[in-house]
Amino acid sequence: MPSYPESPARVTAPLPSEPSAGGPAHGKALPLEEIDRHPDPRELYRGIRAEHGPVVPVTLDGAFAWLVIGYQEVVTAMRKEMLFSRDPQHWRPRDPIPDDWSLGLHTQRRPNALFATGDEHERLRGALTRSIGMIRPGTVKRYTQTRANRLIDEFCEAGTADLVADYAARLPLMVLMRIFGFPERAEQQLMAAIPALLDSGDEAQAANQQIMDVIESHIAHRRQELGADAMAWLIEGSNASTDEEIARSNAEIREQVWLTLASAMGAMGNWITNGLERQVSNMHLRNGLNHGLVDIEEAMEATLRSRPPLQRVIGRWATRDTLLGPTRIAAGDMLVLDLAATNFDPCMEPDGRPLTHDDHNRAHLQFGAGSHGCPFPDPARLIATVSVDSLLQRLPDVRLADGAALNRRPSIIVSALESLPVTFTPTARSVAQEAPLGA
């Protein structure tokens, strides 16, 4: 990996005015990690857009890709799946990719709805949405509140906490694991493994295997003892009877659950963290919430614009030579969709000014678009909103700890704080009761 300057003033790498379909050479591509080191993302993307337009040549740990930063171009790539497929089998890397490439897990086809296309995608996505959709919103809300109170009880008497490690990183995973019927002992195993997977570092492969082992163990248990949970409903819906059918079904279910849990602890956990960060560090926002000038749902939606938890999606792959905006894309090229950058697109800023905390706009792309958009945005919104609201209700004077340094984990995919240290008036523990899943 290259070393990066502490504060690059502006990244410039002009493309030829009429690039060939094969695109620019690696020498004209920007290291994506260097882009992430810039202290002012808005200014950075303004400079990149002025030089390159909405589609920018980059490298990801040495591999060439196109970084799509324009709102309309990202929507096009998401919706036109015949041109920009979610299936990485279309990828034709410009150079050989080493077996231990740091982002390999994000570009290897897996039998789940994320990478599938066509009828296979509809079947896999349908199975997942049906199983989770059988759980009522009221049940998800009550269970989130119960788990939130249990976590808050662990630190409410201390007057201090790290809202990442003690709360936001754990809560959505707990809720999803309960929805799938996992035993509580599996939580700690996944708590350590999923962040390593999302950070895409040297430990990603080992973390992925650990997650698979935990999920496979639970599938085997549910094959023997069905219950009223999403895992059991996935198994029942597979209609597998022969050994071969059961083995294939188990592999698909494992991948579907892997995808859901990783999303819970990645995008959803970071959404909760970022929502809490805004509330504990900005009294203007907090007063607006306390005085009813804005509701918690609006505040959390605004977080998706100002502090997007999911920075980028890797990737889409061009199925043939084509144009994306003004840029010629070669068949087999990889796209990286920069969801955070689309929030800085001039078309997203009213009257040519940056959005403020008082602007409310759901035009962000955090839930995606097209057939590969988030399969359950409403449960995600419910879990995230209840998580933040529960903590603010229990700890009404919670605030950022004096002198706290807010550093983000090194990741080109998610925007994740390493910690969120806060202080508050110590308060008594609650009596958190278990919410029955089928209630």
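Heavy-atom basis, side chains included; hydrogens, waters and symmetry copies ignored. Counting from 1, the numbers follow the sequence of the chain as shown.
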Using a distance-only test with no angle check, is there a side-chain donor-acceptor pair under 3.5 angstrom linking Ser390 and Arg147? no
More than 12 heavy atoms from other groups under 6.0 Å of CD on Glu157: yes
Minimum heavy-atom separation for Val214 to Ala186, with atom names? CG1-CB, 3.8 Å
With His218, which residues qualify under ring-ring contact (aromatic ring centres under 6.0 Å, His included), at least two apart? Phe182
Mind telling me whether Trp91 and Trp101 have parallel, tilted or perpendicular rings, with 30° and 60° as the class edges? tilted
What are the two closest non-hydrogen atoms of Pro396 and Gln393, and how far apart are they? CD-O, 3.8 Å
Return the minimal non-hydrogen interatomic distance between Met78 and Ala369, and the atom names on each side. SD-N, 3.4 Å
Answer yes or no: is there a donor N or O on one side and an acceptor on the other, between the side chain of Ser415 and the main chain of Pro309, under 3.5 Å? no
Quick one: do Glu301 and Arg381 make a salt bridge, cutoff under 4.0 Å? yes
If you round to the nearest 0.5 Å, how far is CD1 of Ile235 from OG of Ser131? 10.5 Å
Check whether Gln366 reaches the backbone of Leu339 with its side chain - one donor and one acceptor, N or O, closer than 3.5 Å. no
Do the side-chain N and O atoms of Asn149 and Gln145 include a donor-acceptor pair separated by under 3.5 angstrom? no
Measure from the side-chain N and O atoms of Glu245 to the backbone N and O of Ser241, and report whether any donor-acceptor pair falls under 3.5 Å. yes
Taking all non-hydrogen atoms of both residues into account, name the closest pair between Thr76 and Phe84 and its distance. O-CD1, 4.4 Å
Between the CG atom in Leu392 and the CZ atom in Phe424, the distance rounded to the nearest 0.5 Å is 12.0 Å
Could you pull out the closest heavy-atom pair between Arg399 and Asp397, with the gap in Å? NH1-O, 3.2 Å
Set of salt bridge (Lys or Arg N to Asp or Glu O under 4.0 Å) partners for Glu277, sequence neighbours left out: Arg307, Arg408
Is the side chain of Asp345 donor-acceptor paired with the backbone N or O of Gly70 at a distance under 3.5 Å, no angle test? no
Would you say Ser102 and Asp61 are linked by a side-chain donor-acceptor pair, where the criterion is simply a distance under 3.5 Å? yes
Would you compute the distance between atom OG1 of Thr144 and atom CG of Asp389 and round it to the nearest 0.5 angstrom? 11.5 Å
Taking only residues two or more places apart in sequence or in another chain, which ones pass salt bridge (Lys or Arg N to Asp or Glu O under 4.0 Å) with Arg394? Asp153
Gln311 side-chain N/O to Ser411 backbone N/O, donor-acceptor pair under 3.5 Å: yes
From the list Leu128, Leu124, Val257, Leu234, side-chain contact (heavy atoms from CB on, under 4.5 Å) with Glu252 holds only for Leu124
Less than 4.0 angstrom from a charged side-chain N to a carboxylate O is my criterion; do Arg178 and Asp229 meet it? no
Does any donor atom in the side chain of Trp258 or Asn112 lie under 3.5 Å from an acceptor atom in the other side chain? no
Sub-3.5 Å donor-acceptor pair from the side chain of Arg278 to the main-chain atoms of Ala299, do we have one? yes
Apply side-chain hydrogen bond (donor to acceptor under 3.5 Å, both in side chains) to Arg223 and Ser249, showing your working. CA-CA 11 Å; Arg223 286 281 181 192; Ser249 171; 2.9 Å; yes
From CG (Leu261) to CD1 (Ile179), nearest 0.5 Å: 10.0 Å
Apply the side-chain contact (heavy atoms from CB on, under 4.5 Å) test between Pro375 and each candidate in Leu114, Leu259, Thr129; give the one that qualifies. Thr129
Atom of Arg312, atom of Ile35 and distance for their closest heavy-atom approach: NH2-CG2, 4.2 Å
